[in-house]
Chemist: 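Please see the structure below; I have some questions.
Read the numbers this way: they start at 1 and go in the same order the structure lists the ligands and their atoms.
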Amino acid sequence: MQNTESGQVPSLLHSILRGYVWMIALLAVGITAVVFTTLRSASRERAMEDLTRSAYALVPAVQSYITDSTSAALNSLVNEVATTMDTRITVINRDGSVVADSEKDPDEMENHRTRIEVIAAFNGVPGRSVRFSKTLGREMLYTAVPVVIGDSITAVVRTSLFFDSYSAALQPIVKEMLLIILTALVVAVISGWIISRRIAGPMSDLASVADRVRRGELGARAAPGHTREHNSLALSLNETLARNENLILDLSRSDSRNRAILESMIEGVAVVNRDGDLLVTNDSFRDLFNTGSSEIKVPAELAELFSQSSLPSSGIVEFEGKIVAFSSAEVSDSGDYVFSFRDVTAEVHLSEMKKDFITNVSHELRTPLTAIKGYAETLQEDASGESSDYLKIILRNTERLIALVKDIQTLSEVESEEGTCRGESVSVSDILDTVLPLFTSRAMDKGITITAEQITPNLTVNADHHRIEQVFVNLIDNAVKYTDSGFIQISAAKKGNQAVFAVSDTGRGIPREAIPRVFERFYVVDRSRSRKMGGTGLGLAITKHIVEGCGGTISVSSTPGQGSTFLFTLPLATS
Ligand code: ADP
């Protein structure tokens with residue numbers, strides 16, 4: 001866990017200074033301790049050597065005195081020499097008894113045979129010992145050397161001194177050293193303070209800039225630094241801050257722009273998350289669904305839509321008598337969805353009215369047209385000469401009108417059915433068996449053949465039987481109409497989950513520039529010829545509507561003078 005409370009974290013200045021002072025203090029104590037111990041042990045070694053030398057210097061005198069066995073004379077010699085040398089001198093006999101001592105009466109002194117330095121000397125080597133006198137509370141140094149007379153060691157001369165009196169000479173040096181170290185410590189602390197400030201100062205400047213930016217002062221910038229590192233850090237920080245400021249300004253501008261776009265839209269827009277909660281709405285949405293502007297409650301009709309596991313990309317919802325069309329798109333990063341809603345009630349009503357109107361008009365027109373056609377046919381039976389020609393014209397035009405009315409009605413029907421193709425399992429060979437005979441005699445009259453040999457057996461498509469029949473009729477009818485010689489070929493094959501159909505002819509073909517337009521309503525390439533053939537210009541528009549309404553696609557390729565091929569697809573029946 002990060003500690004973000006600046007009050008609980010020591011400042012950089014204090015951290016550096018504390019570490020610095022600790023380091024200097026440890027060094028000072030360490031150096032003092034090492035120097036003092038080294039000096040002390042060097043001076044102790046020196047004192048020992050001095051003591052040993054003094055003891056050896058006494059040996060000749062002790063040799064001569066000890067043979068006379070005049071202990072009083074030896075004692076006074078020892079006292080005299082000890083005073084001059086500021087050392088205690090003791091002469092110890094072979095049995096350990098003290099013969100002479102410069103500080104005490106030898107008779108009162110205990111046997112010294114067991115003293116370490118004495119044992120060593122009686123073994124023929126100089127002995128040394130350091131002992132702490134508990135009674136005096138002082139450290140004493142002892143050396144003992146053998147006094148050899150003839151072949152044997154008859155006595156031992158021992159010299160000793162209080163080491164503190166010897167090491168007292170070190171005190172001025174130690175004092176001076178302590179003074180120097182103390183001065184160095186004070187200087188180090190002051191320079192440490194200055195250095196720490198120089199290191200921590202720029203950091204706290206930069207930190208204060210960052211803090212100002214955090215509090216919303218986007219224009220805050222760091223002052224140039226006094227060192228290369230500080231300066232480059234300040235420059236980088238300023239550059240980043242400037243970039244961020246621009247970015248934030250751009251974002252806020254773009255946000256305001258998006259808000260304005262959203263509010264200006266006629267369509268109601270809503271953004272919902274995966275839980276179906278509304279995240280963003282515009283005024284049009286709130287008006288459309290009568291929601292309050294403060295706390296927006298999702299209407300039940302929409303809640304049902306938003307809660308679907310896979311949200312539809314378009315559709316219709318009904319809300320309080322209104323018909324509302326919607327489309328949706330997923331926001332790729334967040335998984336939210338954007339919905340746009342449009343009130344299409346008026347359009348739906350209008351299209352229903354149009355459809356009703358067309359149905360009524362077609363019906364009303366077809367009855368008198370059929371009557372006219374009937375009477376014209378009857379009259380023609382007895383007519384001859386000019387009147388027969390006139391009747392032929394009347395008949396042809398009446399038939400065109402009937403065909404036109406029929407096509408207009410069909411187009412109106414397929415347009416209103418768009419996207420709602422009745423999915424039945426339709427057998428392709430059944431359709432062709434019904435459709436092909438309708439054209440046999442016309443094809444024979446024109447001397448062209450119609451073949452349907454390349455048909456994948458048992459091919460079934462998911463479509464509307466009646467409508468698909470109409471597609472084949474329209475395409476084969478056109479092929480027969482616009483082909484004067486050669487043949488018409490029909491094929492059907494499986495491709496993935498689609499059935500692909502082709503109706504090819506060796507007719508007159510379609511000019512390049514007309515190809516993109518042939519599926520438009522009332523578009524005909526050659527108006528007079530089409531009229532002569534009884535064409536309405538609606539056949540391909542109807543065909544395209546039916547194919548696309550059933551989930552397929554249609555296209556045409558053609559070479560003028562050589563023929564045309566109409567390709568269309570339909571989804572295969574699922575079972
Ligand atoms: P029409 O009732 O006039 O045939 P369509 O919508 O069926 O109307 O066709 C539009 C136009 O496309 C036709 O007028 C014709 O010029 C052209 N067309 C359609 N099919 C063919 C074809 N198989 N060969 C040549 N031209 C064609």
Side-chain angles (χ1 to χ4, degrees), residues 358 362 365-366 369 396-415 418 432 435-436 438-440 442-452 454 466-492 500-550 552-569:
I358 291 172
S362 316
L365 283 174
R366 274 172 83 169
L369 284 171
R396 202 175 62 236
N397 281 294
T398 313
E399 271 161 8
R400 267 200 71 220
L401 270 174
I402 291 171
L404 191 64
V405 168
K406 202 171 134 226
D407 277 358
I408 288 176
Q409 197 181 354
T410 312
L411 187 63
S412 153
E413 278 168 18
V414 294
E415 269 183 352
E418 206 170 335
L432 291 174
V435 172
L436 288 180
L438 301 177
F439 299 96
T440 324
R442 264 175 70 201
M444 259 169 60
D445 290 350
K446 291 185 87 175
I448 50 178
T449 52
I450 304 178
T451 56
Q454 292 170 351
H466 171 66
R467 295 289 181 219
I468 295 307
E469 221 173 70
Q470 198 154 12
V471 167
F472 278 102
V473 167
N474 286 356
L475 293 176
I476 300 170
D477 181 57
N478 278 349
V480 174
K481 258 197 301 194
Y482 301 109
T483 305
D484 298 326
S485 62
F487 57 85
I488 295 164
Q489 217 168 37
I490 297 150
S491 69
V500 183
F501 300 92
V503 178
S504 316
D505 61 55
T506 52
R508 59 204 312 251
I510 304 167
R512 242 164 87 93
E513 66 280 4
I515 285 182
R517 302 198 56 193
V518 287
F519 294 103
E520 286 176 17
R521 297 172 201 181
F522 296 111
Y523 182 80
V524 289
V525 175
D526 181 341
R527 192 154 292 279
S528 64
R529 191 182 160 94
S530 168
R531 198 174 296 148
K532 229 185 279 162
M533 305 264 185
T536 60
L538 289 175
L540 287 182
I542 293 169
T543 305
K544 187 172 159 66
H545 266 296
I546 295 173
V547 171
E548 289 181 353
C550 288
T553 56
I554 184 163
S555 63
V556 59
S557 59
S558 179
T559 312
Q562 288 184 21
S564 315
T565 299
F566 283 84
L567 271 179
F568 69 98
T569 64

Chemist: Could you grab the distance from atom CD1 of Ile408 to atom CG of Leu411, nearest 0.5 Å is fine?
Modeler: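 Result: 8.5 Å between the selected atoms.
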Chemist: Only distances under 3.5 Å count here; give the side-chain donor-acceptor pairs of residues 561-568 to other protein atoms, sequence neighbours excluded, each with its distance to 0.1 Å.
Modeler:
from   : atom 1 : to     : atom 2 : distance (Å)
Ser564 : OG     : Ser558 : OG     : 3.0
Thr565 : OG1    : Ser504 : OG     : 3.3

Chemist: Taking the side chain as C-beta and beyond, is there a heavy-atom pair between Ile476 and Asp505 under 4.5 Å?
Modeler: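 No, too far: nothing below the 4.5 Å cut-off.
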Chemist: First locate atom OG1 of Thr543, then atom CD of Gln470, and finally report the distance between them rounded to the nearest 0.5 Å.
Modeler: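 Rounded to the nearest 0.5 Å, the OG1-CD separation comes to 7.5 Å.
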Chemist: Quick check against the 3.5 Å criterion: does Thr536 have a side-chain atom that pairs as donor or acceptor with the backbone of Leu404?
Modeler: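 The answer is no, because no donor-acceptor pair under 3.5 Å joins these two groups.
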Chemist: Which parts of the protein, at residue level, reach under 4.0 Å of ligand 1 through a heavy atom?
Modeler: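 Within 4.0 Å of ligand 1, the protein residues are Asn478, Ala479, Lys481, Tyr482, Asp505, Gly509, Ile510, Val518, Tyr523, Val524, Val525, Ser530, Gly535, Thr536, Gly537, Leu538, Gly539, Leu540, Ser564, Phe566.
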Chemist: So do Tyr482 and Val480 actually touch side chain to side chain, heavy atoms under 4.5 Å?
Modeler: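 No - every pair of side-chain heavy atoms lies 4.5 Å or more apart.
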